[in-house]
Enquirer: 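Below are the structure tokens for one structure; questions will follow.
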Amino acid sequence: MAGKLSGRMLLVVDGPAVLVHTLEFLRLARQNGLTVRVFPTASALLFQSINAWAAYSGQPCREFERLSEEDLQAAEVRLAAPASVRLLELLLQNDQTARYPWLLAPALLPEDKPEEVQQSFAALLQKHHKLLLPGADVSDLGAMGKLALASPGHCLEAALAELIPQELAGVRVLLTVGPTIEDIDPVRFISNRSTGRMGQALALAAARRGALVTMIHGPLADPVSDHPNIRPLAVRSAQEMYDATLAEISRTQVAILCAAVADFTPNIYTEEKIKKQGAEGMRLLLRRTPDILASLGQQEKRPFLVGFAAESNDLELNARHKLQSKHCDILCANDIREPGCGFAVRTNRITMFFPDGEKEELPMLSKDEAAECICTQIARRWAK
Ligand code: CTP
């Protein structure tokens, strides 16, 4: 199906396999469409049997000692996580295994310094190998002590970077995501039903293709994706989103404006909570907020612009008008009346319109899959 990831991974696990950690990695990898074949070392098998690893991965499993040339060749990405120092040496000194590129996540003691580990392996590491060093996270194995290891998310992103063509490598992308909040008084505000899921999916899809993403976002339904290429910047109101976007724009090559920005904001913010004081009604005066997308479209040196439009009628007519009036390079439109489309659902049916008169009608897809398709068009069109 359009936009779905896939890939064959070979995973060597070494003992004491940080079980929860490895299981979480397997879950993430499978969820992201990877087929993982596990090769546990003898020490990993002291903790979990071959059958257990086969069940966790959903694939046949063999001992590391029986790893063959065929297995090495069949894999598109090879990961050793966790890897003891002994396993690292074994993989890197053996001609048969060292010929293939490896992602290596050494299991370190909390006091080990990652730079020193990197240095100690420098002589063995060829250009095609990557050492995945731990961040601040330390796994607590209870009676077995503590271990520092690259997180499951870190390992997954490193693996996906090997599988996904890096067609946006180094491209500076700015995204606006989620709703904005327009405060009325200290307790009340105006907002909308956006969850930020479409924008978050786009941030991740672009980051996974190598883009350096600045994500300017309102309040989100899900946590921000843990990807080293995503820099989140939280804002609240439409004005704050506008200011943050304009401050970043000179460094931006591609801007994707996905946020559901409030079009109107209260004329004045009341510092103290508004009391009803026996009134039967009240009048709230609103004024227009700045249109971020339109402002970027008017810039002399504007970035490649991707806009969104949620329409309830005359989709193509309205979308083409927005494409032109806001000077977009791609306009992604959806019909909000269609079930499964738009706000607060996990799917969307988007049609992309382009200035050359072309369009691409996507089928009903998950927002992650739709984001993949949009990024494919960006990669195809932005440099032209
Ligand atoms: N947008 C923006 N700043 C605003 C309003 C909208 O950047 N203040 C962006 C959105 O992020 C989206 C596109 O503009 O990319 C939506 O355009 P808009 O004309 O606001 O769409 P609608 O809200 O559907 O407008 P209308 O009500 O006029 O149809």
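Numbers here are sequence positions counted from 1. Every value quoted in this text rests on a predicted model; they were computed, and no experiment measured them. Every number for a ligand or one of its atoms is a count from 1 in the order of the listing.
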Enquirer: Who's closest to atom 1 (N) of ligand 1 heavy-atom-wise, of D291, L296, N318?
Expert: D291
Enquirer: Need the ligand 1 atom indices (1-based, order shown) with element for anything under 4.0 Å from a heavy-atom of T289.
Expert: 8 (N)
Enquirer: What is the minimum heavy-atom distance between L45 and E63, and which atoms define it?
Expert: CD1-CG, 3.7 Å
Enquirer: May I ask you to identify the nearest protein heavy atom to atom 3 (N) of ligand 1, giving residue, atom name and distance to one decimal place in Å?
Expert: I292 N, 3.0 Å
Enquirer: What protein heavy atom sits nearest atom 24 (O) of ligand 1, and how far off is it?
Expert: K322 NZ, 2.9 Å
Enquirer: At their closest point, which heavy atom of A262 faces which heavy atom of A238, and how far apart are they?
Expert: O-CB, 4.0 Å
Enquirer: Looking at ligand 1, is there an atom of it that comes within less than 4.0 Å of some heavy atom belonging to A238?
Expert: no
Enquirer: When you check the side-chain N and O atoms of T35 and R8, is any donor under 3.5 Å from an acceptor?
Expert: no
Enquirer: Would R288 count as a contact of ligand 1 if the rule is a heavy atom under 4.0 Å away?
Expert: no
Enquirer: Give yes or no for whether the N/O distance cutoff of 3.5 Å, strictly under, is met between F308 and ligand 1.
Expert: yes
Enquirer: For E240, enumerate each residue passing the side-chain hydrogen bond (donor to acceptor under 3.5 Å, both in side chains) test, keeping only those at least two apart in sequence or located in another chain.
Expert: none
Enquirer: Can you check whether T176 has an N/O within less than 3.5 Å of an N/O in ligand 1?
Expert: no
Enquirer: So, do Q200 and V224 sit near enough that their side-chain heavy atoms are less than 4.5 Å apart?
Expert: yes
Enquirer: Please state which part of L293 comes within less than 4.0 Å of ligand 1, counting heavy atoms only: side chain, backbone, both or neither.
Expert: both
Enquirer: Of all the heavy atoms in P290, does at least one lie under 4.0 Å from an atom in ligand 1?
Expert: yes
Enquirer: Would you please say whether a donor-acceptor pair under 3.5 Å links the side chains of D222 and T195?
Expert: no
Enquirer: Taking E372 first and then R209, would you say they form a salt bridge - that is, a charged N and a carboxylate O separated by under 4.0 Å?
Expert: yes
Enquirer: For atom 15 (O) of ligand 1, what's the nearest protein heavy-atom neighbour? Residue, atom name and distance, please.
Expert: L257 O, 2.5 Å
Enquirer: Please confirm whether A310 comes under 4.0 Å of ligand 1, counting heavy atoms of the residue only.
Expert: yes
Enquirer: Number the atoms of ligand 1 from 1 as they appear, then name those within less than 4.0 Å of a heavy atom of A259, with their elements.
Expert: 10 (C), 11 (O)
Enquirer: Is any side-chain N of the basic residue among E89 and R86 closer than 4.0 Å to the acidic one's carboxylate O?
Expert: no
Enquirer: Counting N and O atoms only, with roles assigned by atom type, does the side chain of R349 sit under 3.5 Å from a partner on the main chain of G340, one being a donor and the other an acceptor?
Expert: no
Enquirer: Closest approach of R172 and R251, non-hydrogen atoms and distance?
Expert: NE-O, 2.6 Å
Enquirer: Evaluate K326 for polar contact with ligand 1, using N/O atom pairs at a separation under 3.5 Å.
Expert: yes
Enquirer: Looking only at distance, does V261 have an N or O less than 3.5 Å from an N or O of ligand 1?
Expert: no
Enquirer: Can you check whether G307 has an N/O within less than 3.5 Å of an N/O in ligand 1?
Expert: no
Enquirer: Pick one of side chain, backbone, both or neither for how D263 approaches ligand 1, counting any non-hydrogen atom pair under 4.0 Å.
Expert: side chain
Enquirer: Which residues pass the ring pair (Phe, Tyr, Trp, His ring centres under 6.0 Å) test with F304, not counting sequence neighbours?
Expert: none
